[in-house]
> 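Have a look at this one before I ask anything.
Letters A, B, ... are given to chains in the order of the sequence lines, protein chains preceding strands, and every chain is numbered from 1. Just so we're clear, the structure is a prediction, and the values are computed from it rather than from any experiment.
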Amino acid sequence: MGRRAPDGGVIFTFTLDNYIRLLGLQPDCLNPLACFDPLYVSILWRSLTLAFNTTLIVILMAYPLAYFIARAPQKRRNTYLFLVLVPLWTNFVIRVYAWMMLLRTQGAINGVLGWLAGLFGMPFTPLEMLYTPGAVLVGMVYEFLPFMILPIYTSLEKIDPSLYEAAADLGANALKTFWRVTLPLSMPGVVAGTILVFIPVMGTFVVSDLLGGKQVILVGNLIQRQFLDARDPTFGSAASLVLMVLTLIVTVFYTRKFGFGKEIVVG
Amino acid sequence: MSEYAVELRNVVKTFVTPEGSTINAVDHVDMQIRHGEFFSMLGSSGCGKTTSLRMIAGFEWPTRGEVFIDGEPQGHRPPFQRKVNTVFQSYALFQHMTVFENVAFGLQMDKVPAEEIKRRVGEALAMVKLTGLEKRYPRQLSGGQQQRVALARALVKRPKVLLLDEPLGALDLKLRKEMQLELKTLQREVGITFVFVTHDQEEALSMSDRIAVMSHGKVMQIGTPVEIYERPRNKFVADFIGETNLLDGTVRAVQDKWLMVFVPALQAEVRALNNGEFRAGQQVSLSIRPEKIRLVEKPSECVNCFPAQVRQVAYIGADTRVIAQVIQSTLRVWEQNMVSTLDPDAYFQQNEQAWAVLPPENLLALPVD
Ligand SMILES: Nc1ncnc2c1ncn2[C@@H]1O[C@H](COP(=O)(O)OP(=O)(O)O)[C@@H](O)[C@H]1O
Ligand SMILES: [Mg+2]
C-alpha cells in the first residue's frame, strides 16, 4: 500500500495501482483490452503450475520410496532415512549448483551421453538442458523430495501391521489392501508433505534463478527483483501479498478436500 | 463335507529368534476340530496358541506338517483364499472406515452385489446388537462395541471357521463375562466352528465344547471341560487346570478298578483309581483336587483316612480353604460352607486336630513324567 518515490523511497498512501499493474492493466488506461499486458499474470500462472507439477511429481516419487523404507526391516530403515536426509546437510544453493554442473552443455550428463554415442558411433550434439523449465522442475523435485518422503514414511510406519492382515483375512489381495487400507491411512502424510512442498515451491527463487536463468521467471523471482534490483518494494509487497493469498487459497481448498489435522488414530 | 472343520497334522513351526537361536513355537501338534464345535486352545503366554491360529488363518506357514480346512490341505495358500476369518486381539478395525464400511469390506472383496451387502451387513450388526451405529467411526465406539464390530466383520462373510485370538482380553471383567455368554449363544445360533484362543481357564471351561491344553508348543491334552478337569492325563494338566494336590508313590498292587499305592509322605498304602495304564512296581503321582478331600472330626467309614492338623484357615465365602498337615505331606483342602451360621465351631480353626479323608474315586493316578 504505497507508491514508489522517484528516488526509490516509499510514499505512504493508499493505492491499488500496484495490484492493477499485477493484473496486467495500467491504472490510467481506459481501454483494458488495448493495454492488457499478460506478463505478471503469466508469471503467477507459471508459478502455480510449476508448484502443482513439482508437488505431483514429488508425491509420485516419494510415495514408493517411503513405502519401501516403511516396509524394510527395522534395522535397514534408519540407514535409508539417513540417506534421505544426507543431502540436506549441504547448503541449498550448493545443491542447486551441483545440478548446474550436471545439466550444463559441457556438463556431466552431456559428457556421459556423448561418450555413449561415441561408443556406438552415433553423431551427438549436446542437449540444451540448463536454463529450461525442465531444469527448474528437476531442481525443484530434487530439493523438495525429502520433505515429502518423511511425512509419508511417518504415516505409513504408524499403520498397525495387523490391519494388513485383517484386510488379507477378509479377502483383499495386495493391490486391494493398498488402495483400500494403506493409501487412505497414509493420506495425512501426503497432505502434510504437500503443504511442506507446495508452499515453499510457490515462493522460491533460487532454483529458478540458477537453473532457469532468464527463461523461467517465477513470482519469487519477481518479488526478489522488486526489492533488490528494481527498488520498488511497494510493487514487491503487492506481489508478495498476492502470492500469500494465492497459496492460502490453494492450501485451504486442498486441505478442505483431503483433510488436515483430521486425526486418524491407527491401531 | 469332510469329517473335520480344521485339522492340524503333525504341525511344527520353527522361528529364528532375534538372538539367532531357533525355537519351535508349535511342536508336532495334532488337532482335529469338528464341524460346529466351540474349540479352545488354552495355555499360558508363549505356549504357541497364536502361532497355531495364525497357521490356520494363513498368516504363517508350517515349517513341517499340514493344516487342513474342511479336508483340504492348505499348503502355502494366502489368507484371502481361505474359508476362515479372524477376530484379532487388537480388533484391527479400519479406523478410516465407518462401522458399516468395516463390516461391508469383506463382502466387497467377494464382489457381493450392493443390495445384498446392505442386507447382510444389517443382519450382522443386528446379530451383535450394533444396529443404529452404522455411521460411527471405530474411535467413536467403546471397547466392547469395537469388539462386536470385529466380530460382525468376520461373521458377515459366513466363514467355515471363525478364529478368535483372545478376543475378550482387552475388556474389563464385567463386560468380559457378558461377552462370554453372548459369544457362546451366538456360536450356537450361527453354527459356525469357533476356534478360540485364551489363557483364561475359567473362560475356556465355561465356553468350550472341547479344549486343547497347550504348553511349550505341545498339546498336553484335548478333551471336554469335564474330561480336562476330572480326568487330567498328566501332571501338567492336573496342576494347570484348577488346583490339585500331588502325592508321589509306588504301585504295590492292581485290583481291577483300583490301584494300591504306597505313598511315603503318608507312610501308608492308599487306594486310588486305576485308569488301566499302570502295573505293580511303577512310580505314579496321585492327584486329588482340594474340594474332593473331606476334612471331618470323626471319620465314619475309613478308606484312605489320615489324622490331620489344621495349619491355616481362609474363609472366602463359598468355601473355607484349609492347609492341613497330613502325616508328612501338606494338603490343600476346600470345605464348602453348606450351612449359614455364625457359630465359630462350624468352621475349622487353626491347630485343630481332624481327619482327612481322600476318597479313592477322587484319587487319580498319573504318570510321573
Ligand atoms: N515371528 C516370530 N519370531 C520369533 N519368535 C516368535 C515369533 N512369533 C512367536 N514367536 C515365539 O513363539 C512362541 C509362541 O508364541 P505365541 O504363539 O505368540 O504364543 P501365545 O499366543 O500362546 O502367547 C513364543 O516363545 C514367541 O516368542
Ligand atoms: Mg497370543
> For B:Lys111, is it the side chain, the backbone, both or neither that has a heavy atom under 4.5 Å from a heavy atom of chain A?
side chain
> Does any heavy atom of chain A fall under 4.5 Å from the side chain of B:Gln89, the backbone, both, or neither of them?
neither
> Relative to the ring of B:Phe88, is the ring of B:Phe59 parallel (under 30°), tilted (30 to 60°) or perpendicular (over 60°)?
tilted
> Thinking salt bridges, do B:Asp200 and B:Arg176 make one under a 4.0 Å N-O criterion?
yes
> Side chain, backbone, both or neither: which part of B:Arg153 has a non-hydrogen atom closer than 4.5 Å to chain A?
both
> Using the ring of A:Tyr164 (Phe, Tyr or Trp, six-membered ring only), decide whether A:Arg71 places NZ or CZ under 6.0 Å from its centre and within 45 degrees of its axis.
yes
> Look at the aromatic rings of A:Trp99 and A:Tyr142 and report parallel, tilted or perpendicular, splitting at 30° and 60°.
perpendicular
